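Atoms considered below: every heavy atom in the structure, side chains included; atoms not considered: hydrogens, waters and symmetry mates. Nothing here was measured: the structure is a model prediction, and the numbers come from that model.
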2 protein chains.
Amino acid sequence: MHKEHTLTKNQQIIFDLIDKSPEPMKAYSILFNVQKKGIKAPLQVYRALDKLVEIGKIHKIESRNAFIACHNSSCQVANATAFSICEVCEKVTEISSVGLSKYLANFKDKDGMKYSKYNLEFFGLCKKCR
Amino acid sequence: MHKEHTLTKNQQIIFDLIDKSPEPMKAYSILFNVQKKGIKAPLQVYRALDKLVEIGKIHKIESRNAFIACHNSSCQVANATAFSICEVCEKVTEISSVGLSKYLANFKDKDGMKYSKYNLEFFGLCKKCR
DNA sequence: TTACATAATGTTATATTATAACAATTTAAT
DNA sequence: ATTAAATTGTTATAATATAACATTATGTAA
């Protein structure tokens, strides 16, 4: 569960937009959508995004340079994320699997090193596109 | 194991450079390094990179926008990749774990869907930086 | 070996993603 | 109230990536 944070004005505006979006949003699409609310510059968007990622309210889909709201209430550790991405329609779904997250958190590399932070992106076809 | 491909001139030049590099290389760093060999434009680099990724000779580190040569000879499926990334020195190592790749290839999401393609990036501190 | 399709190249321009630098303002904790 | 930390606003620019089009090379089948 996330530590509660009071979002600032810009953070709240941008989080609300991403949270309402059915698909991941790109930074400049966000910018375009919040210009009527007074957020005029890319940096204002990126700063809010950085903070929202940091506190775990949103995640970045690295392979797509896009952002989605976190809907994974069982998420114990921020920055331990897994997604499925449809290669046809680009639908992205956050995966919340206790088994998967335990497996990855306990995975040891050949030096015996464990990692609490990771990002996993699965690629395939979603139900609709199959 | 990779299907053998004969690389074209540009692909070979760029692959050799990445292959020799001890760390992931970024596209414009590659461009700078191959200009003396006649590759002058970003697009020439990106086209070679796209092809090299497609045939599995290199991988893209998505969170870093950088490319490394594949040294994972046990890699059965191109585009099923795992890396560890040091958050201090940015050292990147490809992980070749049969257990991990089997686990991920057999992982089923809540719809019962399996994925043969994935990209996993672990973040932490490398041996040196620990 | 010619014809044809496919892939790769070269080139210019431009789109997209992201950060640097600095001043001003707000917020939260003494 | 004072002050440190975080956030905001703003301009400029850096870094990453693709569009569009003309040309050349390569592989394959008649």
Using only heavy-atom distances, determine whether the side chains of B:E121 and B:N119 contain a donor-acceptor pair under 3.5 Å. yes
When you measure from the side chain of A:Q11 to the backbone N and O of A:T8, does any donor-acceptor pair fall under 3.5 Å? yes
Any sub-3.5 Å donor-acceptor pair from A:D109's side-chain atoms to A:D111's backbone N or O? yes
Heavy-atom protein contacts under 4.0 Å, nucleotides 24-30 of chain C, coded B base, S sugar-phosphate only, - none: -------
At under 4.0 Å between heavy atoms, which parts of nucleotides 7-22 of chain D does protein reach? Answer with one letter per nucleotide, 5' to 3': B base, S sugar-phosphate only, - none. SBBBB----BBBBB--
Distance, rounded to the nearest Å, where [X] contributes [atom1] and [N] contributes [atom2]:
X	N	atom1	atom2	answer
B:Q35	C:dG10	CD	C1'	14 Å
B:K37	C:dT9	NZ	P	15 Å
B:E54	C:dA8	CD	C1'	13 Å

Starting from the first five and the last five pairs of the helix from C:dT1-D:dA30 to C:dT30-D:dA1, work out the angle between the resulting helix axes, to 10 degrees. 50°
Below 4.5 Å, heavy atoms only, C-beta onward: do B:H59 and B:C70 meet side chain to side chain? yes
Look up atom [atom1] in [X] and atom [atom2] in [Y], then write down how far apart they are to the nearest 0.5 Å.
X	Y	atom1	atom2	value
B:K60	B:D50	NZ	CG	8.5 Å
A:L52	A:E54	CG	CD	10.0 Å
B:I61	B:E90	CD1	CD	10.5 Å

Single-linkage hydrophobic cluster B:Y115~A:F83, side-chain heavy atoms < 4.5 angstrom: no
What class does the angle between the rings of A:F122 and B:F107 fall in, given that below 30° is parallel, 30 to 60° is tilted and above 60° is perpendicular? parallel
